[in-house]
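Scroll down for the structure; my scribbles are underneath it.
Just follow the structure's listing: the first ligand is 1, and inside any ligand the first atom is 1. Keep in mind that this is a model prediction, so the values were computed, not measured.
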Amino acid sequence: MKRRGLVIAIDGTIGTGKTTTARQVAERLGYRHLDTGAMYRAVALAATRRGVGPEDEDALEALLATATIDLDSGRGRVLLDGQDISEAIRRPDITRRAGAYANVPLVRHSLVTQQQRLGQLGGVVAEGRDIAAVVFPDAELKIALVADLDERARRRHRELTDKGVCITLEQVRSDIQTRDREDAVRDYGGTSAANEIVEIDTTDMTLADQVDCVVALARQRGA
Ligand code: DC
(Lines give C-alpha, C1' and ligand atoms only; values in the text may rest on other atoms or scores of the structure.)
Protein backbone atom coordinates (compact mmCIF):
# COMPACT_ATOMS: atom_id res chain seq x y z
CA MET A 1 0.00 0.00 0.00
CA LYS A 2 1.27 3.49 -0.83
CA ARG A 3 2.61 5.47 2.13
CA ARG A 4 1.06 8.89 2.71
CA GLY A 5 4.11 10.54 4.26
CA LEU A 6 6.42 10.38 7.25
CA VAL A 7 5.72 9.21 10.74
CA ILE A 8 6.67 12.02 13.12
CA ALA A 9 6.86 10.88 16.75
CA ILE A 10 6.64 13.57 19.42
CA ASP A 11 7.43 12.72 23.02
CA GLY A 12 7.52 15.21 25.84
CA THR A 13 6.81 15.86 29.49
CA ILE A 14 3.54 17.38 30.72
CA GLY A 15 3.02 21.02 29.82
CA THR A 16 5.60 21.20 27.04
CA GLY A 17 2.89 21.90 24.47
CA LYS A 18 3.12 18.42 23.00
CA THR A 19 -0.51 18.11 21.99
CA THR A 20 -0.91 21.60 20.55
CA THR A 21 2.42 21.35 18.73
CA ALA A 22 1.54 17.97 17.25
CA ARG A 23 -1.89 19.24 16.14
CA GLN A 24 -0.47 22.34 14.46
CA VAL A 25 2.42 20.48 12.81
CA ALA A 26 -0.12 18.01 11.43
CA GLU A 27 -2.24 20.87 10.06
CA ARG A 28 0.77 22.51 8.40
CA LEU A 29 1.90 19.29 6.74
CA GLY A 30 -1.57 18.03 5.89
CA TYR A 31 -0.95 14.98 8.12
CA ARG A 32 -3.24 13.34 10.66
CA HIS A 33 -2.76 14.00 14.36
CA LEU A 34 -2.58 10.93 16.60
CA ASP A 35 -2.96 11.98 20.25
CA THR A 36 -2.22 8.76 22.13
CA GLY A 37 -2.65 10.45 25.52
CA ALA A 38 -6.26 11.21 24.55
CA MET A 39 -6.80 7.47 24.05
CA TYR A 40 -5.52 6.66 27.57
CA ARG A 41 -7.68 9.49 28.91
CA ALA A 42 -10.71 8.09 27.05
CA VAL A 43 -10.16 4.67 28.66
CA ALA A 44 -9.90 6.34 32.09
CA LEU A 45 -13.13 8.25 31.45
CA ALA A 46 -15.01 5.20 30.16
CA ALA A 47 -13.80 3.08 33.09
CA THR A 48 -14.65 5.78 35.64
CA ARG A 49 -18.15 6.11 34.20
CA ARG A 50 -18.66 2.34 34.44
CA GLY A 51 -17.15 2.19 37.92
CA VAL A 52 -14.24 0.00 36.74
CA GLY A 53 -11.00 0.49 38.66
CA PRO A 54 -7.52 -0.03 37.13
CA GLU A 55 -7.04 -3.23 39.19
CA ASP A 56 -10.13 -4.94 37.70
CA GLU A 57 -8.49 -6.51 34.65
CA ASP A 58 -11.47 -8.64 33.56
CA ALA A 59 -13.80 -5.64 33.52
CA LEU A 60 -11.14 -3.57 31.74
CA GLU A 61 -10.73 -6.23 29.09
CA ALA A 62 -14.50 -6.26 28.53
CA LEU A 63 -14.52 -2.48 28.37
CA LEU A 64 -11.72 -2.40 25.79
CA ALA A 65 -13.57 -4.96 23.69
CA THR A 66 -16.82 -2.97 23.67
CA ALA A 67 -15.92 0.72 23.90
CA THR A 68 -15.12 2.49 20.63
CA ILE A 69 -12.60 5.31 20.82
CA ASP A 70 -12.31 7.47 17.71
CA LEU A 71 -9.92 10.33 17.09
CA ASP A 72 -11.52 12.83 14.75
CA SER A 73 -8.17 14.34 13.80
CA GLY A 74 -9.56 16.93 11.37
CA ARG A 75 -11.77 18.53 13.99
CA GLY A 76 -9.57 17.74 16.97
CA ARG A 77 -12.32 15.78 18.69
CA VAL A 78 -12.21 12.55 20.67
CA LEU A 79 -15.29 10.33 20.56
CA LEU A 80 -16.30 7.55 22.92
CA ASP A 81 -19.02 5.36 21.40
CA GLY A 82 -19.85 8.27 19.12
CA GLN A 83 -20.16 10.82 21.94
CA ASP A 84 -17.83 13.85 22.00
CA ILE A 85 -15.64 13.56 25.12
CA SER A 86 -12.95 16.06 24.06
CA GLU A 87 -13.61 18.37 27.02
CA ALA A 88 -14.39 15.69 29.62
CA ILE A 89 -11.04 13.89 29.16
CA ARG A 90 -9.11 17.09 29.99
CA ARG A 91 -10.76 17.55 33.40
CA PRO A 92 -8.29 17.44 36.33
CA ASP A 93 -9.92 14.33 37.89
CA ILE A 94 -9.55 12.33 34.66
CA THR A 95 -6.04 13.74 34.17
CA ARG A 96 -5.10 12.42 37.62
CA ARG A 97 -6.67 8.98 37.01
CA ALA A 98 -5.37 8.38 33.46
CA GLY A 99 -1.89 7.33 34.59
CA ALA A 100 -3.22 4.44 36.69
CA TYR A 101 -5.03 2.98 33.66
CA ALA A 102 -2.00 3.63 31.45
CA ASN A 103 0.01 1.43 33.82
CA VAL A 104 -2.12 -1.63 33.06
CA PRO A 105 -0.32 -3.85 30.48
CA LEU A 106 -3.51 -5.01 28.75
CA VAL A 107 -4.63 -1.40 28.28
CA ARG A 108 -1.24 -0.49 26.83
CA HIS A 109 -1.22 -3.51 24.54
CA SER A 110 -4.70 -2.77 23.19
CA LEU A 111 -4.06 0.93 22.61
CA VAL A 112 -0.57 0.46 21.12
CA THR A 113 -2.02 -2.02 18.60
CA GLN A 114 -4.74 0.48 17.61
CA GLN A 115 -2.17 3.29 17.33
CA GLN A 116 0.14 1.25 15.11
CA ARG A 117 -2.79 0.46 12.83
CA LEU A 118 -3.75 4.13 12.64
CA GLY A 119 -0.18 5.14 11.73
CA GLN A 120 0.85 2.32 9.44
CA LEU A 121 0.48 4.28 6.22
CA GLY A 122 2.44 7.28 7.50
CA GLY A 123 1.41 10.92 7.06
CA VAL A 124 0.89 11.13 10.79
CA VAL A 125 2.11 13.24 13.69
CA ALA A 126 1.85 10.97 16.71
CA GLU A 127 2.50 12.02 20.27
CA GLY A 128 2.93 10.22 23.57
CA ARG A 129 5.45 8.99 26.11
CA ASP A 130 6.19 5.67 24.38
CA ILE A 131 5.64 6.87 20.84
CA ALA A 132 9.25 6.72 19.62
CA ALA A 133 10.38 3.73 21.67
CA VAL A 134 7.42 1.38 21.38
CA VAL A 135 4.66 2.49 19.02
CA PHE A 136 6.72 3.77 16.07
CA PRO A 137 10.36 2.75 16.62
CA ASP A 138 10.98 3.31 12.89
CA ALA A 139 9.55 6.86 12.80
CA GLU A 140 11.48 9.08 10.37
CA LEU A 141 11.53 11.95 12.88
CA LYS A 142 11.61 11.58 16.67
CA ILE A 143 11.27 14.65 18.85
CA ALA A 144 11.37 15.11 22.62
CA LEU A 145 9.94 18.36 23.97
CA VAL A 146 11.22 19.51 27.38
CA ALA A 147 10.71 22.66 29.49
CA ASP A 148 11.26 23.95 33.06
CA LEU A 149 8.74 22.78 35.65
CA ASP A 150 7.68 26.32 36.62
CA GLU A 151 7.04 27.28 33.02
CA ARG A 152 5.09 24.08 32.42
CA ALA A 153 2.96 24.75 35.50
CA ARG A 154 2.24 28.32 34.35
CA ARG A 155 1.18 27.11 30.88
CA ARG A 156 -1.07 24.35 32.19
CA HIS A 157 -2.62 26.68 34.82
CA ARG A 158 -3.43 29.28 32.16
CA GLU A 159 -4.94 26.62 29.94
CA LEU A 160 -7.18 25.29 32.75
CA THR A 161 -8.30 28.72 34.02
CA ASP A 162 -9.10 29.74 30.43
CA LYS A 163 -11.44 26.77 30.37
CA GLY A 164 -13.09 27.93 33.60
CA VAL A 165 -11.47 25.28 35.84
CA CYS A 166 -10.80 26.67 39.35
CA ILE A 167 -7.39 25.42 40.47
CA THR A 168 -4.36 27.12 42.02
CA LEU A 169 -0.96 27.35 40.33
CA GLU A 170 0.52 25.46 43.29
CA GLN A 171 -1.95 22.58 42.82
CA VAL A 172 -1.18 22.42 39.08
CA ARG A 173 2.57 22.40 39.84
CA SER A 174 2.17 19.62 42.38
CA ASP A 175 -0.06 17.57 40.01
CA ILE A 176 2.60 17.89 37.30
CA GLN A 177 5.33 16.72 39.68
CA THR A 178 3.25 13.69 40.68
CA ARG A 179 2.54 12.82 37.05
CA ASP A 180 6.21 13.35 36.08
CA ARG A 181 7.14 10.76 38.71
CA GLU A 182 4.46 8.32 37.50
CA ASP A 183 5.50 8.77 33.87
CA ALA A 184 9.17 8.22 34.76
CA VAL A 185 8.61 4.84 36.44
CA ARG A 186 5.93 3.43 34.10
CA ASP A 187 7.03 0.37 32.15
CA TYR A 188 6.46 1.28 28.50
CA GLY A 189 8.11 -1.87 27.21
CA GLY A 190 11.02 -0.23 25.37
CA THR A 191 13.41 2.68 25.15
CA SER A 192 14.70 4.70 22.21
CA ALA A 193 18.39 5.28 21.52
CA ALA A 194 19.10 8.82 22.75
CA ASN A 195 20.97 9.71 19.56
CA GLU A 196 17.86 9.13 17.45
CA ILE A 197 15.88 11.79 19.30
CA VAL A 198 15.99 15.53 18.65
CA GLU A 199 15.45 17.28 22.00
CA ILE A 200 13.85 20.73 21.88
CA ASP A 201 13.84 22.86 25.04
CA THR A 202 10.66 24.94 24.75
CA THR A 203 11.03 26.94 28.00
CA ASP A 204 11.74 30.18 26.15
CA MET A 205 9.99 29.35 22.90
CA THR A 206 6.57 30.43 21.74
CA LEU A 207 4.21 27.83 20.43
CA ALA A 208 4.72 29.22 16.91
CA ASP A 209 8.51 28.77 17.31
CA GLN A 210 8.03 25.15 18.38
CA VAL A 211 5.79 24.39 15.44
CA ASP A 212 8.19 26.07 12.97
CA CYS A 213 11.08 24.10 14.40
CA VAL A 214 9.37 20.70 14.06
CA VAL A 215 8.03 21.53 10.57
CA ALA A 216 11.55 22.54 9.46
CA LEU A 217 12.99 19.25 10.76
CA ALA A 218 10.21 17.33 9.01
CA ARG A 219 10.89 19.14 5.71
CA GLN A 220 14.60 18.26 6.02
CA ARG A 221 13.55 14.62 6.23
CA GLY A 222 11.37 14.83 3.16
CA ALA A 223 7.90 15.81 4.42
O1 DC B 1 -0.19 13.17 27.33
P2 DC B 1 -1.40 13.13 28.23
O3 DC B 1 -1.27 13.97 29.47
O4 DC B 1 -2.67 13.42 27.50
O5 DC B 1 -1.49 11.60 28.73
C6 DC B 1 -2.51 11.11 29.56
C7 DC B 1 -1.97 9.97 30.42
O8 DC B 1 -1.65 8.81 29.64
C9 DC B 1 -0.71 10.29 31.19
O10 DC B 1 -0.85 9.73 32.49
C11 DC B 1 0.40 9.61 30.45
C12 DC B 1 -0.29 8.45 29.80
N13 DC B 1 0.23 8.13 28.47
C14 DC B 1 0.95 6.96 28.29
O15 DC B 1 1.19 6.23 29.27
N16 DC B 1 1.40 6.63 27.05
C17 DC B 1 1.13 7.41 25.99
N18 DC B 1 1.55 7.06 24.79
C19 DC B 1 0.41 8.62 26.15
C20 DC B 1 -0.02 8.95 27.42
Could you note down all residue pairs passing side chain to side chain donor-acceptor pair (under 3.5 Å) where residues 77-89 supplies at least one of them, sequence neighbours left out?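 Side chain to side chain donor-acceptor pair (under 3.5 Å) check on residues 77-89 returns Arg49-Gln83, Asp72-Arg77, Asp84-Ser86.
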Can you tell whether the side chains of Asp35 and Arg90 come within less than 4.0 Å, N to carboxylate O?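 Arg90 and Asp35: salt-bridged.
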Mind jotting down which protein residues get a heavy-atom contact under 4.0 Å with ligand 1? Chain and number order, please.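 Ligand 1 pocket, heavy atoms under 4.0 Å: Lys18, Thr36, Gly37, Tyr40, Arg41, Arg90, Ala98, Gly99, Ala102, Arg108, Gly128, Arg129, Asp130, Arg179, Asp183, Arg186, Tyr188.
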Rounded to the nearest 0.5 Å, what separates atom NE2 in His109 from atom CG in Leu64?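 Interatomic distance, His109 NE2 to Leu64 CG, rounded to 0.5 Å: 11.5 Å.
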Can you tell me how far the CD atom of Gln177 sits from the CG atom of Leu149, to the nearest 0.5 Å?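 CG of Leu149 is found 5.0 Å from CD of Gln177.
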Assess the residue pair Asp130 and Arg186 against the criterion (salt bridge (Lys or Arg N to Asp or Glu O under 4.0 Å)); give the C-alpha distance rounded to whole Å, side-chain angles, the decisive distance to 0.1 Å, and a yes or no. CA-CA 10 Å; Asp130 56 346; Arg186 181 173 301 120; over 6 Å; no
With a 4.5 Å heavy-atom cut-off, do Leu34 and Glu127 have their side chains touching?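 Leu34 vs Glu127: side chains apart.
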